[in-house]
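Residues: numbered from 1 along the sequence shown.
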Amino acid sequence: CCTRVCKSPEPAADRITGMAAAARKLYAEHGAACIAAIHFRHNKPVSCLHPPYSLFLVELLAPAFGGPDCHTRLSHAALPANPGMYEFQDEWANPQSPFTDEQRQQVRDHPEASVQRLKAVGVDDPLWFAIVRQHHERADGSGYPLGLADDQVLNEALLIGLIDRYLSFVMPRVNRKWTHPTAALKIIHEDAGAYRASNIATFIKRLGVYPPGTSVRLANGDVAVVT
């Protein structure tokens with residue numbers, strides 16, 4: 001689990017890239033099953049499922065954005081994008097009460113905290129750090145922590161943010177009803193200003209409006225799962 005790796009007092013950069021390589025290999029061999037798991041396998045904590053599910057969606061998207069270098073940067077950044085909030089991620093995913101001011105500040109601070117934790121385990125890649133710092137920024141300036149906009153935001157960071165947004169819908173939370181993937185994509189389509197319309201169009205095209213693992217009702221009334 002990325003939680004233990006990114007909290008390790010020992011150098012762990014190679015372990016992170018090794019985990020990313022293993023997940024990429026799994027996706028290359030069983031891509032449809034990996035995407036299907038996102039939509040119905042939720043029996044582990046968010047902190048354990050979110051990193052590999054993010055990487056699987058990167059594997060789906062990356063071929064449409066640049067070459068191998070871009071692909072590698074995205075996969076490395078997606079797997080440990082949130083180490084600065086691992087202690088709180090599962091609690092925040094299923095809060096029992098409204099966030100306190102301290103918790104809201106921790107949310108705003110977690111991108112920079114994540115970078116510092118990556119540095120502490122031996123990561124030394126300025127672009128990787130920039131993607132992690134910016135993955136909650138939005139092209140329309142509505143993101144955090146700095147409210148960057150337009151070309152100030154790396155497209156790689158917007159893609160990681162878009163993936164995070166999708167997962168927030170399709171992974172059940174105590175305080176948020178599960179959203180059917182097709183409905184989630186419709187909501188995301190309305191966020192074109194935040195993530196850039198071209199990114200959203202590519203995301204929907206590559207994932208499909210009924211992605212693997214989605215339940216559908218057939219004309220005869222039976223329920224089936226897309227494979």
Side-chain angles (χ1 to χ4, degrees), residues 1-8 12-13 15-17 19-20 45-58 61-62 65 70 72-95 99-169 171 173 176 188 191 193-196 199-200 203:
C1 181
C2 275
T3 306
R4 290 192 297 272
V5 172
C6 290
K7 289 169 64 178
S8 170
R15 291 175 63 190
I16 295 172
T17 56
M19 291 169 68
V46 170
S47 60
C48 285
L49 293 179
H50 191 280
Y53 288 177
S54 296
L55 191 143
F56 293 156
L57 289 171
V58 161
L61 279 177
F65 294 94
C70 177
T72 299
R73 287 196 301 268
L74 281 170
S75 64
H76 287 175
L79 195 63
N82 293 309
M85 57 182 259
Y86 275 136
E87 292 91 342
F88 318 108
Q89 190 168 15
D90 295 317
E91 176 187 348
W92 291 350
N94 299 291
F99 276 18
T100 64
D101 289 344
E102 180 182 8
Q103 286 173 317
R104 282 192 286 270
Q105 189 60 50
Q106 288 172 326
V107 171
R108 293 190 64 85
D109 291 344
H110 88 265
E112 181 59 34
S114 297
V115 169
Q116 296 308 315
R117 205 161 248 179
L118 289 170
K119 287 182 178 180
V121 298
V123 175
D124 183 18
D125 185 333
L127 187 53
W128 186 344
F129 296 152
I131 296 170
V132 171
R133 277 195 180 100
Q134 295 183 13
H135 76 280
H136 285 293
E137 302 287 358
R138 301 293 177 256
D140 60 4
S142 64
Y144 68 88
L146 298 177
L148 303 178
D150 301 324
D151 292 340
Q152 292 177 306
V153 187
L154 293 169
N155 203 54
E156 292 94 334
L158 290 177
L159 293 174
I160 299 297
L162 175 57
I163 287 169
D164 186 63
R165 173 78 164 152
Y166 179 74
L167 290 177
S168 75
F169 285 119
M171 296 180 69
R173 312 287 175 91
R176 183 187 299 163
I188 287 173
D191 287 342
Y195 299 101
R196 296 187 182 132
N199 289 338
I200 291 177
F203 184 76

Give, for atom [atom1] of [X] and atom [atom2] of [Y], the distance between the pair rounded to the nearest 0.5 Å.
X    : Y    : atom1 : atom2 : result
L158 : I131 : CG    : CD1   : 10.5 Å
D191 : R196 : CG    : CZ    : 14.5 Å
I200 : L159 : CD1   : CG    : 10.5 Å
N155 : L162 : CG    : CG    : 10.0 Å
S142 : L148 : OG    : CG    : 11.0 Å
F169 : D164 : CZ    : CG    : 11.0 Å

Grab the two heavy atoms, one from [X] and one from [Y], that are nearest each other, plus how far apart they are.
X    : Y    : value
L57  : L167 : CD1-CD2, 3.9 Å
A139 : G193 : CB-O, 3.6 Å
S75  : A20  : O-CB, 4.3 Å
P51  : L79  : CB-O, 3.0 Å
N199 : Y195 : ND2-O, 2.9 Å

Between [X] (side chain) and [Y] (backbone), is there a donor-acceptor pair under 3.5 Å?
X    : Y    : result
H76  : R73  : no
H50  : S47  : no
Q152 : A149 : yes
Q103 : T100 : yes

Exercise for review: Could you pull out all residues at least two apart from F203 that satisfy ring pair (Phe, Tyr, Trp, His ring centres under 6.0 Å)?
Suggested key: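 Ring pair (Phe, Tyr, Trp, His ring centres under 6.0 Å) check on F203 returns Y166.
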Practice item. Indicate the ring-plane relationship of H136 and Y144, choosing parallel, tilted or perpendicular according to the 30° and 60° boundaries. Key: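 If you compare the ring of H136 with that of Y144, the planes turn out parallel.
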Point to revise | Audit row: K119, F129, side chain to side chain contact (heavy atoms under 4.5 Å, CB included) steps and yes/no | key: CA-CA 9 Å; K119 287 182 178 180; F129 296 152; 3.4 Å; yes
Review point. Going through the checks in order, is the side chain to side chain contact (heavy atoms under 4.5 Å, CB included) test met by I16 and L118?
Key: CA-CA 10 Å; I16 295 172; L118 289 170; 4.0 Å; yes
Review point. Pairs in or reaching into residues 120-138: which pass salt bridge (Lys or Arg N to Asp or Glu O under 4.0 Å), with residues at least two apart or in two chains?
Key: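 Only E112-R133 qualify under salt bridge (Lys or Arg N to Asp or Glu O under 4.0 Å).
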Review point. Hey, mind stepping through V58 and I160 against side chain to side chain contact (heavy atoms under 4.5 Å, CB included) and telling me if it holds?
Key: CA-CA 8 Å; V58 161; I160 299 297; 3.9 Å; yes
**Study point:** L61 side chain reached by I163 side chain, heavy atoms, under 4.5 Å
**Key:**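 A side-chain contact exists here, since the closest heavy-atom pair is under 4.5 Å.
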